[in-house]
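Below, chain A is the first sequence line, B the second, and so on; all start at residue 1. This is a predicted model, so every value here is computed, not measured.
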Protein chains: 2
Amino acid sequence: MAHDESPHDGWHCPAERTLEFLSGKWRPMVIYWLMDGPLRFNALQRRLGGVTHRTLSKTLKEMESDGLLSRRDYGEIPPRVDYSLTEKGRSLRPVLEAMAAWAEAGR
Amino acid sequence: MAHDESPHDGWHCPAERTLEFLSGKWRPMVIYWLMDGPLRFNALQRRLGGVTHRTLSKTLKEMESDGLLSRRDYGEIPPRVDYSLTEKGRSLRPVLEAMAAWAEAGR
DNA sequence: CAGCATCCGCGAGGATACTG
DNA sequence: CAGTATCCTCGCGGATGCTG
């Protein structure tokens, strides 16, 4: 982490990019709950306290297009869909653990 | 990281708390630039590409009251103030590094 | 059960100008 | 040089209701 002293315009620290994938009120928790395996929409919603259906729906779609999770539609009636972490999503584990450790230490 | 299957209401993952300290468009970069030592307001502003004076001012004040950094006023004319990381601020380093590593790996 | 459409409040962050 | 005050925009996330 070395840097000079001249003015910078477009520069940004690499951590920022990671933050983009983790910011969003529900994203960390979604990842957390999917760490153990796939969950259906409503199962996920029950685990997150108080997410709106619409909001969770949006969040999942965004995370899917970010490549963090994959959506599986069983094409059944009544509908059945589940969500699971992709490899990319799982690879965030160390990051979340570092954050958890910091939060833990901070008291 | 073990958890059951019953409905949860108030639960949240510990990483979220850490996120609160790091979210904010400029916070990660402020921490990054202060890692090497104190910087004066304008020096900091030059390093962050395109922050508004007002926005940086607000950001710094918030981070100060979060205990992440400390502000030192030299009481001179013209004004001279510099900002440096507190111990708490510096302790975020591993977290930022984990995030940086992930961003790095993600291509 | 899963998802979309519509409407809305609120706060983060930017533009600009002024002060000591 | 550092900080504050005012005004404004934009998008996140919530509330509610409808559909297959």
> Test: ring-ring contact (aromatic ring centres under 6.0 Å, His included). Region: residues 88-107 of chain B. Which pairs qualify, not counting sequence neighbours?
A:Phe21-B:Trp102
> How close or far is atom P of D:dA2 from atom CD of B:Gln45, stated in whole angstroms?
9 Å
> Between B:Arg40 (CZ) and D:dC1 (P), how many Å, whole number?
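Roughly 7 Å, once rounded to whole Å.
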> Taking ring-ring contact (aromatic ring centres under 6.0 Å, His included) as the cut-off, I'd like each qualifying pair that reaches into residues 51-72 of chain A, sequence neighbours left out, listed once.
A:Phe41-A:His53
> Please classify the nucleic acid contact of B:Tyr74 as base, sugar-phosphate, or nothing, using heavy-atom distances under 4.0 Å.
nothing
> Which pairs would a plain distance check flag for residues 72-89 of chain A, meaning a side-chain donor or acceptor within less than 3.5 Å of a matching protein atom at least two apart in sequence or in another chain?
unit_1  : atom_1 : unit_2  : atom_2 : d
A:Asp73 : OD1    : A:Gly75 : N      : 2.7
A:Asp73 : OD2    : A:Arg71 : NH2    : 3.1
A:Tyr74 : OH     : A:Asp82 : OD2    : 2.8
A:Ser84 : OG     : A:Ser70 : OG     : 3.4
A:Thr86 : OG1    : A:Gly67 : O      : 2.6
A:Thr86 : OG1    : A:Leu68 : O      : 3.0
A:Thr86 : OG1    : A:Lys88 : N      : 3.3
A:Thr86 : OG1    : A:Gly89 : N      : 3.1
A:Glu87 : OE1    : A:Arg90 : NH2    : 3.1
A:Lys88 : NZ     : A:Asp66 : O      : 3.2

> For B:Arg80 and for A:Glu62, find the nucleotide of DNA chain D with the closest heavy atom, then tell me which residue's nucleotide is more 5'.
B:Arg80
> Nearest whole angstrom, please: distance from the P of C:dC4 to the CG of A:Asp73.
11 Å
> So if I take every side-chain heavy atom of A:Trp26 and compare against C:dG20, C:dA2, D:dG13, which nucleotide ends up nearest?
D:dG13
> What is the distance from CG of B:Leu39 to P of D:dA2, rounded to the nearest Å?
11 Å
> Can you name the side chain to side chain donor-acceptor pair (under 3.5 Å) partners of B:Glu104, sequence neighbours left out?
B:Arg107
> Can you list everything that forms a salt bridge (charged side-chain N to carboxylate O under 4.0 Å, His left out) with B:Glu64? Sequence neighbours excluded, please.
none
> Expressed as a whole number of angstroms, how long is the span from B:Arg27:CZ to C:dA12:P?
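Answer to the nearest Å: 10 Å.
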> Are any non-hydrogen side-chain atoms of A:Lys58 and A:Thr55 less than 4.5 angstrom apart?
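No, too far: nothing below the 4.5 Å cut-off.
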> Grab the NZ-P distance between B:Lys25 and D:dC12 for me, whole Å please.
13 Å
> B:Glu20 has an atom CD; how far is it from atom P of D:dC12, in whole Å?
19 Å
> Heavy atoms within less than 4.0 Å of DNA chain C: which residues of residues 52-61 of chain A have one? Give them sorted by number.
A:His53, A:Arg54, A:Ser57, A:Lys61
> Just wondering, do A:Thr52 and A:Gln45 contact through their side chains at under 4.5 Å, heavy atoms?
no
> Over how many whole Å does the gap from B:Glu76 atom CD to D:dA2 atom P extend?
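Roughly 11 Å, once rounded to whole Å.
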